[in-house]
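The structure appears below as structure tokens.
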Number of protein chains: 2
Amino acid sequence: MRNSLADVVAAALRVLDAQGLENCSMRRVAAELEVQPSALYHHVADKQSLLALMADEIVRNGAVVSRGPGPMPAGASAIAASAASAASAARTICVRLRAAMLAVRDGADVVATAAAFRLGASAVEDRLAEAVGRDGARTLLLYTFGQTQQTQTHRQAAAFGALVDPAPRADAAQPDGDPTDGLDASFGRGLDIILAGLAASSEAEAG
Amino acid sequence: MRNSLADVVAAALRVLDAQGLENCSMRRVAAELEVQPSALYHHVADKQSLLALMADEIVRNGAVVSRGPGPMPAGASAIAASAASAASAARTICVRLRAAMLAVRDGADVVATAAAFRLGASAVEDRLAEAVGRDGARTLLLYTFGQTQQTQTHRQAAAFGALVDPAPRADAAQPDGDPTDGLDASFGRGLDIILAGLAASSEAEAG
DNA sequence: ACCTGAACACCGTTCAAGT
DNA sequence: ACCTGAACACCGTTCAAGT
């Protein structure tokens with residue numbers, strides 16, 4: 001036995017992190033394993049399947065799916081208190097998911113693209129739905145994907161800019177409204193907006 | 001004079017709509033214009049620039065940027081009424097943007113990717129920000145992109161499935177929780193959640 | 001079960017040269 | 001200003017064949 005599927009996924013993630021999604025070709029992954037490109041097709045049906053496996057691994061490394069305090073209490077008692085704890089559970093999941101995606105180069109793109117084919121069937125969405133319902137889970141997840149892709153793109157552009165122009169002037173720090181990593185804070189505020197909306201909806205429902 | 005930049009962008013959009021993003025290569029766009037691939041580089045620096053121009057065109061076709069009733073009143077009077085109209089203005093923009101992206105094959109991918117490089121500098125975001133502020137605009141936009149990509153991916157998968165298995169059984173209509181175009185309704189509910197959150201935040205601010 | 005070697009039908013981009 | 005022709009360094013995927 002030479003390489004396992006797990007070896008292939010691990011090699012692919014190494015290539016992704018080192019070279020970026022654009023350069024994460026089947027041929028390069030094969031080279032990373034010191035194997036012919038055609039050998040990969042013994043482990044994986046096509047490139048898309050490999051990307052899906054990579055996405056799973058990225059999310060799993062974030063431990064986003066690790067169990068919390070168990071399923072939410074289903075009874076109607078103490079709605080306010082349990083709503084607050086549901087919101088904070090949901091918040092934690094989103095923050096962790098974002099961190100996991102940011103941890104590997106182009107991670108947000110990989111996860112968001114792979115997730116598109118299976119939303120409604122992911123463990124993360126299930127855990128979120130326990131806390132805030134199906135619509136809330138979807139809204140939070142889509143926002144988290146989008147904002148994280150955004151953040152990652154900006155960071156890479158900034159890193160590239162730093163290479164291109166390694167002498168930034170002090171007075172040009174924030175050219176147009178957006179501090180370079182206002183994006184982290186902005187994520188939190190967006191999350192708060194959505195969670196506030198969810199709270200408002202469920203209050204309305206509970207009358 | 002043979003082809004203009006506008007001709008190139010138009011041809012690219014024809015190819016995109018007919019063949020999808022995956023097959024929208026420089027070489028195919030050139031073929032659509034009956035020109036050598038290298039000719040495109042007279043009009044456009046590289047493929048990415050062309051995609052950005054295509055994204056602009058897609059959004060513009062949705063008339064998302066057409067002016068509304070003018071900038072919001074800045075005074076603090078009649079907050080409740082103007083907040084409601086701001087929310088409905090924002091809602092309209094998001095719904096139109098979504099429709100514009102859905103109108104061309106893979107439109108959401110093209111727009112979302114191009115937008116990633118310029119968020120904070122787009123006309124759509126500016127118009128949204130007038131209605132609901134910077135954080136609200138970003139949150140709405142990211143959600144709209146994500147949800148629309150989702151919708152488009154599912155539709156294409158469904159269309160493909162229909163080709164593969166053209167005899168769907170009546171009792172298999174909704175295999176797992178999600179009606180095929182619950183996605184349209186789901187979009188509206190997510191929007192409502194975010195708008196409710198924005199209303200809650202601005203009430204809190206206004207004391 | 002896992003891999004090689006060779007091939008097929010593609011890519012984006014550059015560059016000298018034409019009109 | 002706009003285009004051709006040829007080239008360079010790549011792609012994903014298939015398939016017969018080896019061990």
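Lettering follows sequence order; numbering is per chain, from 1.
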Could you measure the distance from the [atom1] atom of [X] to the [atom2] atom of [Y]? Nearest 0.5 Å is fine.
X	Y	atom1	atom2	result
A:Cys94	A:Phe187	SG	CZ	5.5 Å
B:Gln147	B:Ser186	CD	OG	5.0 Å
B:Thr139	A:Leu191	OG1	CG	9.0 Å

Contact between [X] and [Y] at the side-chain level, heavy atoms closer than 4.5 Å - yes or no?
X	Y	result
B:Glu57	B:Met54	no
B:Thr92	B:Val95	no
B:Leu141	B:Leu97	yes
A:Ile93	A:Glu130	no

Distance check: side-chain N/O of B:His43 vs OP1/OP2 of D:dC3, anything under 4.0 Å?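 It does, given that an N or O in the side chain of B:His43 lies less than 4.0 Å from OP1 or OP2 of D:dC3.
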Quick one: is D:dG5 close enough that its OP1 or OP2 comes under 4.0 Å of any side-chain N or O from B:Gln36?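 True: B:Gln36 side-chain N/O within range (under 4.0 Å) of D:dG5 OP1/OP2.
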Rounded distance (Å) that lies between atom P of D:dC3 and atom CD of B:Glu34: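 For the pair B:Glu34 CD and D:dC3 P, the rounded distance is 12 Å.
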Given atom CG of A:Leu5 and atom P of C:dC2, what is their separation to the nearest angstrom?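 The answer, rounded to whole Å, is 10 Å.
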With sequence neighbours left out, which residue pairs that include part of residues 23-47 of chain B fulfil the side chain to side chain donor-acceptor pair (under 3.5 Å) condition?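 Counting only pairs at least two positions apart or across chains, the side chain to side chain donor-acceptor pair (under 3.5 Å) contacts touching residues 23-47 of chain B are B:Arg14-B:Glu32, B:Asp46-B:Ser49.
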What distance, rounded to whole Å, do you find between the two P atoms, one in C:dA9 and one in D:dC10?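 The same atom, P, in both gives a distance of 22 Å.
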For D:dA17 and C:dC2, measure between their C1' atoms and round to the nearest Å.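 Nearest-Å result for D:dA17 against C:dC2 at atom C1': 13 Å.
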State, without any angle test, whether B:Thr151 and B:Arg98 hold a side-chain donor-acceptor pair at a distance under 3.5 Å.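 There is such a pair (donor and acceptor under 3.5 Å, judged by atom type) between the side chains of B:Thr151 and B:Arg98.
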Side-chain donor/acceptor pairs under 3.5 Å, residues 101-117 of chain A, sequence neighbours excluded:
from	atom 1	to	atom 2	distance (Å)
A:Arg105	NH2	A:Ala18	O	3.1
A:Asp106	OD1	A:Gln156	NE2	3.3
A:Asp106	OD2	A:Leu21	N	2.7
A:Asp109	OD1	A:Gln149	NE2	2.9
A:Thr113	OG1	A:Asp109	O	2.7

Return the minimal non-hydrogen interatomic distance between A:Ile194 and A:Leu140, and the atom names on each side.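 So the two residues come closest at CG2-CD2, 3.6 Å.
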Can you name the atoms? Protein N/O to nucleotides 11-13 of chain C N/O, anything below 3.5 Å, with the distance.
from	atom 1	to	atom 2	distance (Å)
C:dC11	OP1	B:Ser25	OG	3.1
C:dC11	OP1	B:Arg28	NH1	3.0
C:dG12	OP1	B:Met26	N	3.0
C:dG12	OP1	B:Lys47	NZ	3.1
C:dG12	OP2	B:Met26	N	3.0
C:dG12	OP2	B:Arg27	N	3.3
C:dG12	N7	B:Arg27	NH1	2.5
C:dG12	O6	B:Arg27	NH1	2.9
C:dT13	OP2	B:Tyr41	OH	2.8
C:dT13	OP2	B:Lys47	N	3.0
C:dT13	O5'	B:Tyr41	OH	3.3

Less than 4.0 Å between a side-chain N and a carboxylate O, is that true for B:Asp7 and B:Arg2?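 Salt bridge: no.
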Would you call A:Arg189 and A:Asp184 a salt bridge, taking side-chain N to carboxylate O under 4.0 Å as the test?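 A:Asp184 and A:Arg189: not salt-bridged.
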Atom pairs under 3.5 Å: protein N/O with N/O of nucleotides 17-19 of chain C:
none

Any chance you could encode DNA chain C as dot-bracket? Rule is Watson-Crick or G-U wobble with both distances under 3.5 Å; [ ] for pairs crossing earlier ones, | for another strand. ||.|||||...|||||.||
Would you jot down, in residue-number order, the residues of residues 14-21 of chain B having a non-hydrogen atom under 4.0 Å from DNA chain C?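 The stretch gives none, as no residue of it lies under 4.0 Å from the strand.
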